[in-house]
Enquirer: 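One structure coming up, written as structure tokens, with questions to follow.
Keep in mind that this is a model prediction, so the values were computed, not measured.
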Amino acid sequence: MPSHVVIVGGSMGGLRAAEQLIANKFDGIVTIVGDEKHMPYNRPPLSKDVLAAERDEQNSTLDHWHSSVAFRQRKSIADVRWRLGSPAVSSDLTAKTLTLADGEVLHYDGLVVATGLRPRRLDLPGPQSGRHVIRTLDDAIGLRAELQPGTRVIVVGGGFIGCETAATARKLGCEVHIVEPMAAPMIRPLGEEFGNALRRVHEASGVHVHTGASVEETVGGADDPSRLSAVILTDGTRLDADVLIESVGSHPNVEWLDGNDLDLSNGVLCDNHMRVESRPDVVAVGDIARFPDPATGNIPRRIEHWCIPTDTAKRAAATLIAHLSDEPGPDAPFSPLPSFWSDQFGLRLQGYGSPGDADHISVLEGDLAAPVDQDPSALDGTVVGYCQGSRLVGVVMLSPSPVTARKYREAVETSRTTVLTA
């Protein structure tokens with residue numbers, strides 16, 4: 001009987017895992033289980049292209065928008081079995097079974113954990129209507145219907161998604177406020193100096209930025225108390241609001257793995273081969289996987305960047321196939337280079353490496369303090385290096401040329417390689 005690999009997670013990570021299994025000559029059965037009914041699609045456009053697009057009767061349907069963001073299906077995975085719309089709710093890793101929401105029980109020889117994340121929600125008193133998150137296509141389409149000129153929008157959280165969504169809403173003619181508990185937007189991934197530069201870009205484009213506070217309460221309208229009309233911040237500020245967008249982090253989808261004696265405290269703990277706590281028949285991919293990287297100190301961590309599902313899928317597929325074929329697995333250190341980008345008010349923010357590991361930064365090109373009151377492009381070409389001691393651990397650029405982007409990517413890769421070969 002051919003081996004059966006079940007991939008739990010029908011998004012990018014699950015798709016890439018299936019592709020890599022087939023590319024590595026796996027000749028058994030592959031089943032992908034997903035909670036959404038949609039085939040895998042690209043999530044970064046949700047806070048930008050999908051929200052920003054003009055709507056009419058022809059391009060406002062769910063099918064239209066799914067086709068615009070869906071990943072191309074390779075012929076190599078034509079025989080993959082899809083079980084969409086019924087997520088896994090429990091598992092028994094000893095018996096090698098998992099149970100779906102509709103009651104079906106699947107048996108496997110190899111398991112790929114690719115269930116990703118879900119948005120964290122604020123626990124707020126007051127009306128719940130008008131509150132949104134952006135994680136799924138349905139989320140984005142539902143929010144877009146409310147983003148009309150003059151709509152009063154509050155974005156809680158000044159990270160990547162929060163800032164992108166604020167920029168999109170402002171370009172649609174909304175009145176937009178960002179509420180960020182820290183001293184500047186994007187401060188956790190990029191640092192305060194870079195965050196303040198982006199703050200100036202948003203404020204010059206008409207976004208109101210409130211730092212050092214969060215939303216404490218939502219307030220209903222006088223005519224309809226169930227409908228959002230304002231929010232109260234922790235510093236006492238009252239902001240009129242029609243829409244509240246919550247971009248305050250995420251939770252790994254690990255509950256279906258409860259009861260298997262795993263460390264699920266922050267995603268799924270893996271080794272450097274992407275094996276879940278060294279179990280040879282279970283691997284994990286994507287931003288749910290917490291794995292050690294020898295280039296960054298071998299401390300297990302989750303990485304929530306777009307490149308990680310593809311990189312981890314390559315490693316996990318090779319590891320799992322080696323187990324199923326009773327052959328040696330890959331032994332080279334696994335050290336994927338994080339890469340990320342963000343589009344805000346015409347600026348393309350592009351980065352490589354691990355800026356969060358730095359103990360100081362250095363502006364390598366351009367000027368983070370350049371005036372942006374008239375044109376955000378004054379920051380074009382700015383390059384910021386993130387260093388740990390004398391070692392370059394990351395770089396973030398604003399609208400770099402292809403030559404510049406390649407140059408600094410290679411610099412970060414060289415720095416990481418030096419650690420791996422030391």
Side-chain angles (χ1 to χ4, degrees), residues 1-34 40 71 74 76-83 87-88 91-100 105-116 252-254 256-257 260-264 267-294 300 302-303 307-336:
M1 180 179 295
S3 296
H4 183 202
V5 171
V6 176
I7 300 170
V8 185
S11 192
M12 182 181 180
L15 175 64
R16 296 294 181 246
E19 292 170 346
Q20 288 300 315
L21 285 167
I22 305 304
N24 280 272
K25 310 302 181 185
F26 177 69
D27 58 1
I29 300 168
V30 177
T31 300
I32 297 180
V33 175
F71 289 114
R74 299 179 182 178
S76 62
I77 64 167
D79 293 331
V80 167
R81 300 176 180 180
W82 296 87
R83 290 289 285 105
S91 57
D92 185 332
L93 301 190
T94 300
K96 298 187 178 183
T97 63
L98 60 109
T99 303
L100 308 188
V105 176
L106 297 180
H107 297 260
Y108 65 82
D109 300 290
L111 179 66
V112 180
V113 178
T115 38
N253 293 315
V254 297
W256 63 281
L257 289 165
N260 288 291
D261 195 27
L262 300 176
D263 180 350
L264 304 176
V268 179
L269 180 62
C270 303
D271 62 17
N272 190 248
H273 296 275
M274 304 311 299
R275 294 177 298 209
V276 174
E277 299 197 32
S278 298
R279 294 171 181 260
D281 58 333
V282 185
V283 294
V285 304
D287 45 20
I288 196 172
R290 178 161 51 103
F291 65 94
D293 181 347
R302 294 189 304 104
I303 303 175
C307 61
I308 292 301
T310 299
D311 291 336
T312 53
K314 291 178 181 178
R315 181 69 159 196
T319 295
L320 188 56
I321 289 175
H323 165 69
L324 294 174
S325 59
D326 197 24
E327 295 180 356
D331 57 4
F334 177 56
S335 182

Enquirer: Roughly how far, to the nearest 0.5 Å, is CD1 of Ile308 from CD1 of Ile303?
Expert: 4.0 Å
Enquirer: Kindly compute the distance separating CD1 (Ile7) from CZ (Arg81), expressed to the nearest 0.5 Å.
Expert: 13.0 Å
Enquirer: Under 3.5 Å, side chain of Arg315 to main-chain N/O of Asn272, donor-acceptor pair present?
Expert: yes
Enquirer: Indicate yes or no for a side-chain donor-acceptor contact from Thr115 to the backbone of Val8 under 3.5 Å, with no hydrogens or angles considered.
Expert: no
Enquirer: Indicate the atoms forming the closest heavy-atom contact of Ala313 with Val285, along with that distance.
Expert: CA-CG1, 3.7 Å
Enquirer: Flag the pair Ser91 / Tyr108 as yes when at least one side-chain heavy-atom distance between them is below 4.5 Å, and no otherwise.
Expert: no
Enquirer: Of the options Ile321, Ile29, Val112, which is the one that meets Val5 in a side-chain contact (heavy atoms from CB on, under 4.5 Å)?
Expert: Val112
Enquirer: Show me the pairs that pass side-chain hydrogen bond (donor to acceptor under 3.5 Å, both in side chains) and involve residues 5-31, at least two apart or across chains.
Expert: His4-Thr31, Ser11-Arg43, Arg16-Glu19, Arg16-Thr310
Enquirer: Please find the pair of heavy atoms, one from Arg302 and one from Ile288, that lie closest to each other, and give the distance.
Expert: CD-O, 3.7 Å
Enquirer: Which heavy atom in Ser76 sits nearest to a heavy atom in Ile22, and how many Å separate them?
Expert: O-CG2, 3.5 Å
Enquirer: Is Thr319 reaching over with its side chain to a backbone N or O of His273, donor-acceptor style, under 3.5 angstrom?
Expert: yes
Enquirer: To check you understand the geometry: which heavy-atom pair defines the closest contact between Gly14 and Ala114, and what is its length?
Expert: N-CB, 3.8 Å
Enquirer: Quick check: do Arg290 and Asp263 have side-chain heavy atoms less than 4.5 Å from each other?
Expert: yes
Enquirer: Apply side-chain hydrogen bond (donor to acceptor under 3.5 Å, both in side chains) to Asp281 and list each qualifying residue two or more places apart in sequence or on a separate chain.
Expert: none
Enquirer: Using every non-hydrogen atom in the two residues, find where Ile32 and Gly10 come nearest and quote the distance to one decimal.
Expert: CG2-CA, 3.9 Å
Enquirer: Return the CG to CG distance between Leu257 and Leu93, rounded to the nearest 0.5 Å.
Expert: 6.0 Å
Enquirer: Could you go through the side chain to side chain contact (heavy atoms under 4.5 Å, CB included) check for Val282 and Val113 one step at a time?
Expert: CA-CA 7 Å; Val282 185; Val113 178; 4.0 Å; yes
Enquirer: Could you tell me the separation between the CG atom of Asp109 and the NZ atom of Lys96, rounded to the nearest 0.5 Å?
Expert: 6.0 Å
Enquirer: If I take atom CH2 from residue Trp256 and atom CG from residue Leu100, how far apart are they, to the nearest 0.5 angstrom?
Expert: 10.5 Å
Enquirer: Taking all atoms of both residues into account, what is the closest heavy-atom pair of Pro336 and Asp293, and its distance?
Expert: O-OD2, 3.9 Å
Enquirer: Is a donor on one side and an acceptor on the other found under 3.5 Å between the side chain of Ser3 and the backbone of Gly28?
Expert: no
Enquirer: With rounding to the nearest 0.5 Å, note down the distance linking CG in Asn260 to CG in Asp92.
Expert: 6.0 Å
